[in-house]
Protein chains: 2
Amino acid sequence: MTDLPPRWRRRKDARPAEIVAAALDAFAERGFAATRLEDVAARAGISKGTLYLYFPSKEELFKAVVRQTLLPNLAEAERRLATSDMPTPEMLSEIVGALVAAAAGRMGVIPKLLIAEAGNFPDLARFYAEEVVARGMRLFARVIQRGIARGEFRAVDAVRAAPALAAPILLMALWKNALEPHAVHPIDPAGFFAAFIDIVLHGLAAETGRKG
Amino acid sequence: MTDLPPRWRRRKDARPAEIVAAALDAFAERGFAATRLEDVAARAGISKGTLYLYFPSKEELFKAVVRQTLLPNLAEAERRLATSDMPTPEMLSEIVGALVAAAAGRMGVIPKLLIAEAGNFPDLARFYAEEVVARGMRLFARVIQRGIARGEFRAVDAVRAAPALAAPILLMALWKNALEPHAVHPIDPAGFFAAFIDIVLHGLAAETGRKG
DNA sequence: GCGATAACTTACCGGCCAGTCAGTAAGTGA
DNA sequence: TCACTTACTGACTGGCCGGTAAGTTATCGC
């Protein structure tokens with residue numbers, strides 16, 4: 001008679017990742033404070049009580065979302081940093097291009113969340129500032145240095161120029177994940193990146209006999 | 001005997017501006033959702049009830065904060081756009097420099113608030129996207145066009161390059177108003193801007209007999 | 001099958017805070 | 001100085017939501 005499918009299943013292993021994914025979606029839409037844990041639970045196909053079996057509080061869930069979304073991209077960036085003999089302009093273009101693309105996607109909501117909640121989660125803000133932003137800046141500075149050392153770039157101040165490479169990533173992350181859904185005029189990520197990298201590479205290029 | 005100062009004074013004219021200023025501070029620290037109207041009232045030196053005499057709801061107060069903080073800067077930007085015969089590189093440097101400086105100051109919290117709350121205030125988000133972002137992009141595109149027309153810049157795609165000029169403004173606004181308070185490594189706004197504008201101006205400069 | 005276990009649900013609690021309103025006292029003007 | 005207006009106060013409330021715990025049911029070992 002009652003061979004209906006069970007009302008729920010035990011899936012202890014899969015839950016945490018599903019909850020984190022659901023929470024990322026929910027936070028992306030409404031922000032941390034405004035999303036109800038009941039909504040997160042519903043998106044994950046569970047009840048609120050179950051959520052508390054896996055995460056002790058809303059705050060800890062938030063931290064898990066940030067860490068788990070960020071770490072794969074951090075690892076990927078590190079991997080890319082691995083030695084490569086390609087010319088520095090191409091290398092720079094590849095690294096920044098990959099990050100701009102990632103920022104235009106799902107990962108881009110993380111900066112948005114962190115910026116919004118920095119005041120309420122100082123430890124997370126410091127983690128992000130040091131482990132992500134500062135690390136990224138060092139990476140960019142090293143790439144520029146490499147170009148200078150190899151005679152491909154002018155002798156600019158690499159440390160001060162590094163944020164200029166981070167800026168388009170941030171712009172793309174926030175535009176795609178906050179304003180564009182409400183805007184009339186879209187930005188084409190590929191076109192924007194092409195124009196940006198064109199200017200930067202021309203701007204950094206070693207001079208070959210011009211005014212100076 | 002009781003010549004104490006009065007417990008409060010009637011200051012109908014001054015209240016709204018004071019409340020908006022207090023709210024901007026409070027929102028800047030904790031974000032919109034997490035700030036209590038009682039805190040805003042205390043900062044403004046009034047009671048919560050008084051606040052409701054001037055603003056019908058927390059949402060309307062938020063909108064007033066955004067509009068009143070933004071409009072003076074918009075007007076200033078428009079004014080700067082006014083005809084000027086200086087060379088385009090200098091003009092570009094002045095316009096972007098002024099905006100980067102403004103972003104590093106008080107006005108910078110507005111992008112932060114809007115980005116965080118875009119999902120919850122679609123009309124504000126659209127207003128900002130169209131009236132501020134899109135307008136700024138058009139301004140930058142026009143400046144680049146001007147440089148090209150006068151033979152000072154290479155023939156780049158002005159519309160696609162425009163966001164590259166907006167990016168450092170955004171970076172500065174969010175860095176100063178969200179992450180820097182929790183970070184160890186500061187960014188020097190002037191140094192950053194100098195490096196950025198150096199690269200961009202070199203990158204846009206008309207070619208004078210080099211490889212191509 | 002048949003407990004035993006633990007993954008999951010549901011109903012509930014308590015604190016917090018936006019928003020209200022009756023009352024109070026600063027100002028006004030005659 | 002006194003009657004009147006109104007800017008302002010502050011105690012209160014109603015609903016919302018993070019968090020909890022008692023109860024229910026899938027699953028697994030025997």
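Residue numbers start from 1 in every chain, and the chains themselves are labelled A, B, ... in the order their sequence lines are given, proteins ahead of strands.
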Answer yes or no: is there an ion pair linking Arg126(A) with Asp123(A), defined by an N-O contact shorter than 4.0 Å? no
Can a side chain N or O of Arg10(B) be found less than 4.0 Å away from OP1 or OP2 on dA25(C)? no
For Arg30(B), is there an ion pair with Glu117(A) - N to carboxylate O distance below 4.0 angstrom? no
Please check the phosphate of dT9(C) (OP1 and OP2 only) for any side-chain N or O of Ser47(A) closer than 4.0 Å. yes
Scan Leu53(B) against the nucleic acid and name what it touches under 4.0 Å (heavy atoms): base, sugar-phosphate only, or nothing. base
Could you check whether Phe55(B) gets within reach of a base, just the sugar-phosphate, or nothing at all, counting any heavy atom under 4.0 Å? nothing
So, are Glu38(B) and Arg43(B) salt-bridged, with charged N and O less than 4.0 Å apart? no
Does dA7(C) have its OP1 or OP2 closer than 4.0 Å to a side-chain nitrogen or oxygen of Thr50(A)? no
Classify the ring geometry of Phe62(B) against Phe27(B): parallel below 30°, tilted from 30° to 60°, perpendicular beyond 60°. perpendicular
Could you work out which one of dT10(C), dG19(C), dA25(C) sits closest to the side chain of Arg7(A)? dT10(C)
Identify which nucleotide among dT20(D), dA18(C), dT5(C) has an atom closest to any side-chain atom of Tyr52(A), counting heavy atoms from C-beta outward. dT20(D)
Please compare Glu59(B) and Arg9(B) by the position of their nearest nucleotide in DNA chain C and report the one closer to 5'. Glu59(B)
Where the side chain of Lys58(B) is concerned, which of dG19(D), dA7(D), dA18(C) is the nearest nucleotide? dA18(C)
The side chain of Trp8(B) lies closest to which of these nucleotides: dG19(D), dC17(C), dA7(D)? dA7(D)
Is any side-chain N or O of Arg36(A) closer than 4.0 Å to OP1 or OP2 of dG19(D)? no
